[in-house]
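Sequence positions, counted from 1, serve as the residue numbers for this chain. The analysis underlying the following values was restricted to heavy atoms, covering all of them including side chains, and did not include hydrogens, waters or symmetry mates.
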Amino acid sequence: MKRAAILFCALVLAGCGFSAPAPKRTAPPKPPAPPISAVSATFTVTMDEILSLLDDKTKDDIAHGKNQKAECGVGKCHIDFDVSRNGQITGHFADGKIYLTLPFTLKSHLNLKGPMFKTGGDANATGLAQTETALTLGSDWKLGSETQGTIKLSDADLKLGPVKMHVTSLWNHNEEKITKPLFKEVDRHIAQALKVKDQAKRLWMKMQHPIRVGKSPTAWLVLQPEKIAISGPFTKANTLSASITVEGHPHVVVSDARPDAKPLPLPAPSRIDAPGDSFAVSVPVLLPYGEAAALALKRLHDRPPHIGGAKLRFDRLEILPSGEDVVMAAHFCVAQAWDPFGWFDACGEAYLRGVPKFDPATGTIRVIHVRYDIASENAMLAAMRALAGGELGKDLETKLVFDVSKDIAKLENDLRTTLAKRPARGVIITGQIASFGPPTLTWTADGFLAEFTAKGTIIADLNIKPKNTKTESPERAH
């Protein structure tokens, strides 16, 4: 009976065709947002590096003053002085602070003017400055260095005409003349040694550069930084360190061309939400609709459906996204085995709907529950009732199966291998992938999107080269 019905429909529709109206479609689902992650870098400065820098910067003089007003007790006086280092600077870290001991020589000339006289003289002494420097970091990335401390001077007599005084007594009353410029120099040089903003900017800019993580297909890891934070400084043994953490939404982009993004300036440090040792990146495997449709159409050519004794010849298949499913727009002809010339073929266009699903066991994308769109079903009922059932949908389900397991495995391997490599120059970002989550499937305006999450740890190494190692002072070298 069914074969007779097909024959009857073919005879009736000979030279004619059938057509169904295009179905209503809604916007495809939005892809899930990439997971939030953090990348941390710790930069350290050793006490030896700080001391070496201070040695280099204080070779000539540490502080000086010209015609400084001073308290001399017996009249108005003005002092010219120069403070120069005369020995090795020593120091250590403790409780987040820097402690230094700096030996120096003080050369000064004093001009004294009394009610009945005017005179002058030289006052030289050796001394030892012991300083304590506390560090703070402002919201503008400026490092605050606040040094305080004491100085001790060797005693010597100073004779100025009729006036005789001790050098230590003179400087005890005018200690700030030496300590203020001396401590200011210490603060300046420590800030030079700890270039916090420069290191934060290096990491921030590096995070904006896509990292190539795969070939064939070409894939890029886009870290997408959004916020940055800093903690510290911390002291431990012979090192002072600070930790910089950048938070973002890393994801992989599959593209022949490097993803282009306008560089963002370094923002002010802020609070971040992700722990510094957490890392998760979303990795997509996109099967474009055109590629999927071409594969399915080839299978339909190789093994065309036979329904009720009639062969269906498909010459066009298009996959279109919708909100809750996808639409297959198909153009096909109903051919009869007894008609070798195709004179009695009935051709037309129909629309079917199906739900995409990912099978984790086989790594395949399938379209299931394939059935006519309601308008197409009505058209088929009116034109070719024998084709209006579910047989065509069941046959199409066997053709709408797409294996992406090799693509997933290759991306997993490429990502793991690339992150484990350590570049030789610049800021270095490396990581270890601990696990890959099961893929989830969605569909976009462009194709089927199987997305999985790689989880692990990732760190950044600022790769700071120690300074002044070649110009170490002779006294420190010994």
Side-chain angles (χ1 to χ4, degrees), residues 39-59 62 85 87-103 129-149 182-207 228-246 266 268-269 276-277 422-430 459-478:
V39 177
S40 295
T42 299
F43 72 94
T44 61
V45 179
T46 67
M47 178 54 72
D48 289 341
E49 289 177 81
I50 292 178
L51 296 178
S52 182
L53 177 66
L54 289 172
D55 282 345
D56 186 61
K57 298 296 184 180
T58 59
K59 286 179 180 178
I62 305 172
R85 182 167 57 84
Q88 180 177 328
I89 304 173
T90 59
H92 66 280
F93 297 119
D95 302 323
K97 296 180 180 180
I98 303 172
Y99 293 87
L100 300 174
T101 299
L102 188 152
Q130 294 181 314
T131 67
E132 173 188 303
T133 302
L135 302 173
T136 57
L137 184 68
S139 58
D140 56 358
W141 290 104
K142 287 184 178 179
L143 180 69
S145 176
E146 184 177 349
T147 298
Q148 59 184 4
L182 174 61
F183 296 166
K184 185 178 180 181
E185 284 298 292
V186 171
D187 285 335
R188 186 167 70 90
H189 294 316
I190 287 177
Q192 289 176 346
L194 305 173
K195 296 182 178 179
V196 177
K197 184 175 182 179
D198 289 350
Q199 304 308 331
K201 187 175 181 180
R202 290 179 67 221
L203 178 59
W204 180 257
M205 297 308 293
K206 177 66 175 181
M207 292 277 288
I228 187 168
I230 187 166
S231 57
F234 311 102
T235 58
K236 183 178 180 181
N238 192 45
T239 60
L240 181 143
S241 61
S243 180
I244 303 172
T245 303
V246 178
L266 177 69
D277 59 350
R422 182 178 175 86
R425 297 180 298 174
V427 177
I428 297 168
I429 295 178
T430 57
I459 59 172
D461 184 349
L462 295 172
N463 199 20
I464 304 172
K465 303 298 182 183
K467 297 181 179 180
N468 298 320
T469 54
K470 295 182 179 181
T471 59
E472 192 173 13
S473 63
E475 54 195 300
R476 188 165 301 284
H478 296 289

Requested in this report: Quick one: which residue pairs count as a salt bridge (charged side-chain N to carboxylate O under 4.0 Å, His left out) with a foot in residues 89-100, not counting sequence neighbours?
Outcome: Lys97-Glu132
Short question: side chain of [X], backbone of [Y] - any donor-acceptor pair under 3.5 Å?
| X | Y | answer |
| --- | --- | --- |
| Asp461 | Ile428 | no |
| Arg202 | Leu462 | yes |
| Glu185 | Leu182 | no |
| Ser241 | Thr44 | no |

Under a 4.5 Å cut-off applied to non-hydrogen side-chain atoms, are [X] and [Y] in contact?
| X | Y | value |
| --- | --- | --- |
| Thr131 | Tyr99 | no |
| Arg85 | Asp55 | yes |
| Leu203 | Met207 | yes |
| Ile89 | Thr101 | no |
| Leu135 | Glu146 | no |
| Trp204 | Ile244 | no |

Query raised in the report: Can you check side-chain hydrogen bond (donor to acceptor under 3.5 Å, both in side chains) on Thr46 and Glu49, steps first, answer last?
Result: CA-CA 5 Å; Thr46 67; Glu49 289 177 81; 3.2 Å; yes
How far does [atom1] of [X] sit from [atom2] of [Y], to the nearest 0.5 angstrom?
| X | Y | atom1 | atom2 | answer |
| --- | --- | --- | --- | --- |
| Ile50 | Leu240 | CD1 | CG | 6.0 Å |
| Gln148 | Thr133 | CD | OG1 | 9.0 Å |
| Asp140 | Lys197 | CG | NZ | 7.5 Å |
| Phe43 | Ser243 | CZ | OG | 9.5 Å |
| Ile230 | Thr245 | CD1 | OG1 | 9.0 Å |
| Trp141 | Ile228 | CH2 | CD1 | 4.0 Å |

[X] to [Y] - nearest heavy-atom pair and separation:
| X | Y | value |
| --- | --- | --- |
| Phe183 | Gly149 | CE1-N, 3.4 Å |
| Thr235 | Ala94 | OG1-C, 3.9 Å |
| Leu54 | His189 | CD2-CB, 3.4 Å |

Requested in this report: With sequence neighbours excluded, tell me which residues meet side chain to side chain contact (heavy atoms under 4.5 Å, CB included) with Thr136.
Outcome: none
Query raised in the report: Should Met47 and Ile98 be marked as a side-chain contact (heavy atoms from CB on, under 4.5 Å) after you check the CA-CA gap, both sets of side-chain angles, and the distance that decides it?
Result: CA-CA 9 Å; Met47 178 54 72; Ile98 303 172; 4.0 Å; yes
Query raised in the report: Considering residues, nucleotides and ligands other than Gln130, do more than 12 of their heavy atoms fall under 6.0 Å from its CD?
Result: yes
Query raised in the report: What do the steps show when you test Thr90 against Leu100 for side-chain contact (heavy atoms from CB on, under 4.5 Å), and what is the final call?
Result: CA-CA 6 Å; Thr90 59; Leu100 300 174; over 6 Å; no
